[in-house]
**Q** 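Attaching a single structure in structure tokens format; questions to follow.
Note that the coordinates shown come from a computational prediction; the quantities given were computed from them, not determined experimentally. Residues take their numbers from the sequence shown, with the count starting at 1. Keep in mind that the numbers below use all heavy atoms, side chains included, and drop hydrogens, waters and symmetry copies.
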Amino acid sequence: MKLKCFGLLLTLLVAGVRSYSYANPEEGLYRLCLQSVDTVEVGQNTSLLFSVQPVFRNEALTLTIRKDNDIIEVPSQLEIANGTSDGSVNIHTLAAGKTKIRFNYSSDAEEALIVSLDSVIGEVDVVHSKALVIITAVIGWLYFAAWSISFYPQIILNFYRRSVVGLSFDYIALNITGFTAYSAFNCALFWSTAIQAQYLDKNPGGVIPVQDNDVAFSLHAVFATLVVIGQCLVFKRGKQKVSIVAIIILVILWLFVFISLFVAVGKKLKWLEFLYFFSYVKLAVTLVKYIPQAYLNFKRKSTEGWSIGNVLLDFTGGTLSILQMFLLSYNYDDWSSTFGDPTKFGLGLFSVLFDILFMFQHYVCYRKSEKATKEEEKGLLSDSSEQTPSSRAMKLLSFLGLVNS
């Protein structure tokens with residue numbers, strides 16, 4: 001009996017604490033919770049479902065509804081009557097795009113009823129086709145796979161030849177710098193809550209632009225490039241070395257990074273802005289990194305030592321990436337996401353154009369260089385009984401055009 005009385009007393013005390021916390025006018029009496037709205041096609045109707053916690057026990061509350069743009073039609077007001085626990089806001093879609101639904105009190109006297117009403121936001125995505133949403137997602141994973149695999153034809157070719165002659169050291173040096181900067185940007189923005197808070201302060205209502213696959217790709221790129229650097233140190237490289245011009249470019253880029261780091265440590269620069277400087281380094285590297293390899297091919301009148309498999313996969317990934325950008329722009333009727341960001345679009349197009357140049361060099365200009373012909377006669381056309389399994393595999397890859405002899 002004593003235990004039951006004690007339990008009842010404890011329950012009443014907890015209930016009293018709860019009622020006191022809800023009664024605090026600074027915190028509000030109720031919470032308005034919204035459910036996410038599924039992506040909907042233009043012309044269709046949907047609903048934004050909400051719940052009130054706890055059940056609304058007050059005189060009727062009127063909230064005004066506002067939206068960011070005119071791609072949807074919604075009621076101008078939301079009535080929450082006494083006894084309401086849940087409900088919905090009807091939505092009619094008019095055009096493709098993204099919008100947000102927000103709520104305001106209709107009068108100043110009601111401003112203490114709901115907790116943090118200004119942070120209650122409903123997001124609505126309207127598209128021309130739901131099928132395109134799936135297609136663009138699949139394309140995203142395809143170009144992610146193509147770019148990730150693109151590192152390995154060069155690694156395999158180097159290992160098979162036991163040589164890195166024909167591979168530009170300037171290209172490799174610039175590549176490791178670019179991917180290191182890209183990894184630093186992705187990892188910090190993905191894992192640092194402090195930097196994420198700075199980003200959301202700068203972009204209210206936005207989402208963190210770095211996903212887990214971005215982090216995985218950039219770290220994998222650093223690893224693969226380090227493997228190639230290790231091959232450059234071990235395998236035959238002739239007289240190749242990093243040029244003075246490339247060294248000067250790298251010194252300037254890293255001086256820029258370290259000076260910015262000291263400014264950030266001195267609290268004269270936000271860490272988010274410092275991270276953006278890393279992205280600028282990546283952009284600068286992407287603009288110049290292909291030039292040394294294209295010039296080396298031209299100088300040697302040969303693409304021997306430079307894996308065409310790398311180029312084909314990079315071209316595939318770049319083309320799919322640009323295709324995805326166009327499909328997303330059409331589906332959401334938001335062409336500013338493509339042409340309004342000339343850096344992203346321009347760099348993707350720039351990489352694809354260089355891939356086309358490399359393919360032209362390999363398949364047209366230097367298809368039968370003297371050096372490649374001699375190696376074909378010495379190795380690839382030898383008697384099959386003398387070939388090892390690895391040489392047969394490389395012969396097949398060469399026939400498919402994934403590696404050059």
**Q** Considering all heavy atoms of both residues, which atom of Phe185 and which atom of Leu275 are nearest to each other, and what is their separation?
**A**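 That closest heavy-atom pairing would be CD1-O, 3.3 Å.
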**Q** Side chains of Glu304 and Arg161: closer than 4.5 Å at any heavy-atom pair?
**A** yes
**Q** Compare all side-chain heavy atoms of Leu296 with those of Trp306 and state whether any distance is below 4.5 angstrom.
**A**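 With C-beta onward as the side chain, the pair stays apart.
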**Q** Taking all heavy atoms of Asn90 and all of Pro75, pick out the closest pair and write down the distance.
**A** O-CD, 3.3 Å
**Q** Against the six-membered ring of Tyr160, is Arg162 placed for a cation-pi contact (under 6.0 Å from the centre, within 45° of the normal)?
**A**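 Output no; distance or angle outside limits.
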**Q** Classify the ring geometry between Trp271 and Phe274 as parallel (under 30°), tilted (30 to 60°) or perpendicular (over 60°).
**A** perpendicular
**Q** Output yes when a side-chain donor or acceptor of Gln293 lies under 3.5 Å from a complementary backbone atom of Tyr171, and no otherwise.
**A**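 No; zero donor-acceptor contacts below 3.5 Å.
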**Q** Determine, stepwise, if the pair Phe350 / Phe354 fulfils ring pair (Phe, Tyr, Trp, His ring centres under 6.0 Å).
**A** CA-CA 6 Å; Phe350 188 79; Phe354 257 103; 5.1 Å; yes
**Q** Distance-only criterion, 3.5 Å: show the donor-acceptor pairs between side-chain atoms of residues 176-184 and protein atoms not counting sequence neighbours.
**A**
from, atom 1, to, atom 2, distance (Å)
Thr177, OG1, Ala173, O, 3.2
Thr177, OG1, Trp254, NE1, 3.4
Thr180, OG1, Ile176, O, 2.6
Ser183, OG, Phe179, O, 2.9
Ser183, OG, Ser218, O, 3.0

**Q** So how far is it from Leu63 CG to Leu32 CG, rounded to the nearest 0.5 Å?
**A** 7.0 Å
**Q** What residues, two or more places apart in sequence or in another chain, satisfy salt bridge (charged side-chain N to carboxylate O under 4.0 Å, His left out) together with Asp125?
**A** Lys98
**Q** Measure the shortest side-chain to side-chain distance between Asp214 and Phe190 over non-hydrogen atoms and say whether it is less than 4.5 angstrom.
**A** no
**Q** Once side-chain hydrogen bond (donor to acceptor under 3.5 Å, both in side chains) is applied, do any residues pair with Asp68, and if so which ones, sequence neighbours excluded?
**A** Arg102
**Q** Under a 3.5 Å distance rule, please check whether Tyr105 uses its side chain to pair with a backbone N or O of Ile114 as donor and acceptor.
**A** yes
**Q** According to side-chain hydrogen bond (donor to acceptor under 3.5 Å, both in side chains), who are the partners of Trp147, at least two apart in sequence or on a separate chain?
**A** Asp314
**Q** For Glu79, check side-chain hydrogen bond (donor to acceptor under 3.5 Å, both in side chains) against everything at least two apart and list the hits.
**A**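 If we apply the side-chain hydrogen bond (donor to acceptor under 3.5 Å, both in side chains) test to Glu79, skipping adjacent residues, the hits are Thr62.
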**Q** What residues form a side-chain contact (heavy atoms from CB on, under 4.5 Å) with Asn69, not counting sequence neighbours?
**A** Ile71, Thr99
**Q** Measure the CD1-CG distance between Ile308 and Leu313 for me, rounded to the nearest 0.5 Å.
**A**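 If I round to the nearest 0.5 Å, the distance is 10.0 Å.
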**Q** For Asp333, check salt bridge (charged side-chain N to carboxylate O under 4.0 Å, His left out) against everything at least two apart and list the hits.
**A**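 Salt bridge (charged side-chain N to carboxylate O under 4.0 Å, His left out) list for Asp333, sorted by chain: empty.
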**Q** For Phe256, is the CZ atom crowded, meaning more than 12 foreign heavy atoms sit under 6.0 Å from it?
**A** yes
**Q** Does the side chain of Leu357 reach to within under 4.5 Å of the side chain of Tyr290, using non-hydrogen atoms?
**A**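 No; the side chains remain at least 4.5 Å from each other.
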**Q** Determine all donor-acceptor pairs shorter than 3.5 Å in which one atom belongs to a side chain in residues 39-51; sequence neighbours excluded.
**A**
from, atom 1, to, atom 2, distance (Å)
Glu41, OE2, Lys130, N, 3.0
Gln44, OE1, Glu41, N, 3.4
Asn45, OD1, His92, ND1, 2.5

**Q** Between NZ of Lys289 and NZ of Lys282, what distance do you get to the nearest 0.5 Å?
**A**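 Those atoms lie 4.5 Å apart.
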**Q** Test of understanding: with side-chain hydrogen bond (donor to acceptor under 3.5 Å, both in side chains), list the residues that count as partners of Arg66, not counting sequence neighbours.
**A** Asn104
**Q** Name every donor-acceptor pair, under 3.5 Å, that has one atom in a side chain of residues 137-144 and the other anywhere in the protein, sequence neighbours excluded.
**A**
from, atom 1, to, atom 2, distance (Å)
Tyr143, OH, Gln324, OE1, 3.2

**Q** Compare every heavy atom of Ile195 with every heavy atom of Ala188, then report the nearest pair and how far apart it is.
**A** CB-CD1, 3.9 Å
**Q** To the nearest 0.5 Å, what is the distance between CD1 on Ile72 and NZ on Lys67?
**A**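 Atom-to-atom, Ile72:CD1 and Lys67:NZ are 6.5 Å apart.
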**Q** Quick check for you: to the nearest 0.5 Å, what is the distance between Asn186 atom CG and Phe278 atom CZ?
**A**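 It is 11.5 Å, given to the nearest 0.5 Å.
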**Q** So, for Asn310 and Ser150, which heavy atoms are closest and what is the spacing to 0.1 Å?
**A**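 Asn310 and Ser150 have their closest heavy atoms at OD1-O, 3.3 Å.
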**Q** Would Lys301 pass as a cation-pi partner of Phe298, given that its NZ or CZ must be under 6.0 Å from the six-membered ring centre and within 45 degrees of the axis?
**A**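 Lys301 over Phe298 ring: yes.
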**Q** What I'd like to find out is whether the side chain of Ser321 reaches to under 4.5 Å of the side chain of Val352, using heavy atoms alone.
**A** no
**Q** Does the side chain of Leu323 come within less than 4.5 Å of Thr319's, by heavy atoms?
**A**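 No; the side chains remain at least 4.5 Å from each other.
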**Q** I need the minimum non-hydrogen distance between Ala81 and Thr84, along with the two atoms involved.
**A** O-OG1, 2.7 Å
**Q** Under 4.5 Å between any side-chain heavy atoms of Leu189 and Leu272, yes or no?
**A**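 Result yes, sub-4.5 Å side-chain heavy-atom pair found.
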**Q** For residues Gln196 and Trp191, determine if any side-chain heavy atom of one lies less than 4.5 Å from a side-chain heavy atom of the other.
**A** no
**Q** Can you list every side-chain hydrogen bond (donor to acceptor under 3.5 Å, both in side chains) pair that touches residues 224-244, not counting sequence neighbours?
**A**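 Listed once each, the pairs are Asn158-Gln231, Asp170-Ser243.
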**Q** Working to the nearest 0.5 Å, report the span between CZ of Phe315 and CG of Leu320.
**A** 9.5 Å
**Q** Quick test of your reading: applying ring pair (Phe, Tyr, Trp, His ring centres under 6.0 Å), list the pairs with at least one residue in residues 211-247, sequence neighbours left out, ordered by first then second residue.
**A**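 Found Phe151-His220, Tyr152-His220.
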